[in-house]
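See structure below.
Numbers restart at 1 for each chain; the letters A, B, ... are given by sequence-line order, proteins then strands.
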2 protein chains.
Amino acid sequence: MSCGSLYASELRARGYRMTPQRMLILHILHSAGTHLSPTEIFATAKKEFPRLTEPTVYRTLDFLTENGLVRPAHRGNGHHVYEIARHEHHHLVCRVCGGEVEVEHKVLAKLYRELETASGYRLTDSHVTFFGLCPGCQKGD
Amino acid sequence: MSCGSLYASELRARGYRMTPQRMLILHILHSAGTHLSPTEIFATAKKEFPRLTEPTVYRTLDFLTENGLVRPAHRGNGHHVYEIARHEHHHLVCRVCGGEVEVEHKVLAKLYRELETASGYRLTDSHVTFFGLCPGCQKGD
DNA sequence: ACTGTTATTGCAAAAAGTTGCAATAAGGAA
DNA sequence: TTCCTTATTGCAACTTTTTGCAATAACAGT
Ligand SMILES: [Mn+2]
Ligand SMILES: [Mn+2]
Ligand SMILES: [Zn+2]
Ligand SMILES: [Zn+2]
């Protein structure tokens, strides 16, 4: 059973359908292995599937997010980038050079528990972005 | 010396200028006291100042952010909202009802220090958003 | 394999956000 | 006050993202 079929049964179990568009976008994100913007995804996917349209890309990304197969992250500019869902993590992003490092979720686990206890909220999402200056960009001020 | 004049001297000290557009947008954010989207700000400001255009609103918000007078926050949808800069804080936002609570920055201070030590980054920004379910929305599932 | 239901897509149009550039005006200096 | 420099704005054009709706196609049931 291929990777795509696994995703397909997950979706069908919830009453949704697997389509070539969804398969393709999942494949692009899977093989990229990094964060991609909707525009980048659209450009790549369109080559493979010329009938594809932007609204489908945006709706597909929302759908896959909703179903836990991809995860959105925000960049400083207020736009989302997406990556295939994998282990829970967060990011530190440099305001100057854009450099980024991952932080395991377990580093934040205690904070999450504290916030939940103090507020009554249940925190469901990882993939938080913290902004700052990377070691290199601190030197030049 | 009025509130607007204070902002003005801050900007002039850095070689920038205070303009009616910047004054107005600062005033709107100041009197709103909450997060506003660029569209909301534009709509409000346009009534007071009909010659105002969208590019000016977006550029002004970037400029005021850059200069520490306003702070952007991101909502789940990947768009920014802005508020007048005040004490350092973060937010918990409910994925279901959109409800939101503030968290003092000092609750995260230790985590920030840990992240800085572990990564070498210097974290410069507060106003992080954590997503989850508010107490009310947890009951209905 | 065929059929029917309806989730999903493409299309068209709108809304939101961005960019380049010439015209304007803030504010320091005379 | 007037003049000059140049930061800032408005305009026009463009890109990105969203929305409504009719056409399509996934897939469960036969
Ligand atoms: Mn990531
Ligand atoms: Mn806030
Ligand atoms: Zn850097
Ligand atoms: Zn809620």
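- Screening B:H127, B:H87, B:H90 for a side-chain hydrogen bond (donor to acceptor under 3.5 Å, both in side chains) with B:H105, the sole residue that qualifies is B:H90.
- Atom P of nucleotide D:dT16 and atom NE2 of B:H80 are separated by 18 Å, given to the nearest angstrom.
- Rounded to whole Å, atom P of D:dT16 lies 10 Å from atom NE2 of A:H79.
- Across all strands shown, B:P50 has no heavy atoms under 4.0 Å from either base or sugar-phosphate atoms.
- Here D:dT19 is the nucleotide among D:dT19, C:dA16, D:dC11 with the atom lying nearest to any side-chain atom of A:P55.
- Taking atom CE of residue A:M23 and atom P of nucleotide C:dT8, one finds them 14 Å apart after rounding to whole Å.
- Here the straight-line distance linking atom OG1 of B:T60 with atom CD1 of B:I25 works out to 4.0 Å at 0.5 Å rounding.
- A:R22 places its CZ atom 11 Å from the P atom of C:dA7, with the value rounded to the nearest Å.
- Listed here is the closest heavy atom pair of B:F42 and B:T53: CE1-C, 3.5 Å.
- Along DNA chain D, the nucleotide nearest to A:P20 and the one nearest to B:T53 differ in position, and the one closer to the 5' end is contacted by B:T53.
- Atom P of nucleotide D:dT9 and atom CZ of B:F42 are separated by 14 Å, given to the nearest angstrom.
- Contact annotation: A:T56 reaches the phosphate of C:dG10 (side-chain N/O to OP1 or OP2, under 4.0 Å).
- The CD-P distance, from B:E40 to C:dA15, rounds to 16 Å in whole Å.
- Minimum atom distance to the side chain of A:R17 is reached by D:dA26, of the listed C:dG27, D:dA26, C:dG10.
- Electrostatic pairing of A:R86 and A:E102 counts as a salt bridge here, judged by a charged N lying under 4.0 Å from a carboxylate O.
- Here C:dG17 presents its C1' atom at 18 Å from CZ of A:R75, a figure rounded to the nearest Å.
- With hydrogens and angles ignored, the 3.5 Å screen pairs no side-chain donor or acceptor of B:E40 with any backbone N or O of B:V81.
- Among residues at least two apart or in separate chains, side chain to side chain donor-acceptor pair (under 3.5 Å) pairs with a member in residues 11-23 of chain A are A:E10-A:R14, A:R14-A:N67, A:T19-A:Q21.
- Rounded to whole angstrom, the span from the CZ atom of A:R14 across to the C1' atom of D:dC27 amounts to 18 Å.
- Contact annotation: B:R12 side-chain N/O to C:dG27 OP1/OP2 distance is under 4.0 Å.
- Residues of residues 60-74 of chain A that place a heavy atom closer than 4.0 Å to DNA chain D do not occur.
- In this structure, B:R51 reaches the sugar-phosphate backbone alone: every heavy-atom distance under 4.0 Å involves primed, P, OP1 or OP2 atoms, never a base.
- Side-chain N/O atoms of A:Q21 include none lying less than 4.0 angstrom from OP1 or OP2 on D:dA25.
- Backbone-only engagement by A:P38 is indicated by non-hydrogen atom pairs under 4.0 Å involving sugar-phosphate atoms exclusively.
- Between A:T19 and D:dA25 there is no side-chain polar atom (N or O) within less than 4.0 angstrom of OP1 or OP2.
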Worked check of side-chain contact (heavy atoms from CB on, under 4.5 Å) between A:E48 and A:H27 = CA-CA 11 Å; A:E48 195 80 14; A:H27 178 258; over 6 Å; no

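- Between the side chain of B:R59 and the base of C:dG17, no donor-acceptor pair under 3.5 Å is found.
- If you find the closest nucleotide of DNA chain C to B:E54 and to B:M18, the one lying nearer the 5' end belongs to B:E54.
- Minimum atom distance to the side chain of B:Y16 is reached by D:dT8, of the listed D:dT8, C:dC11, D:dG10.
- Of the residues B:R75, B:H79, B:H74, the one that meets the side-chain hydrogen bond (donor to acceptor under 3.5 Å, both in side chains) test with A:H74 is B:H74.
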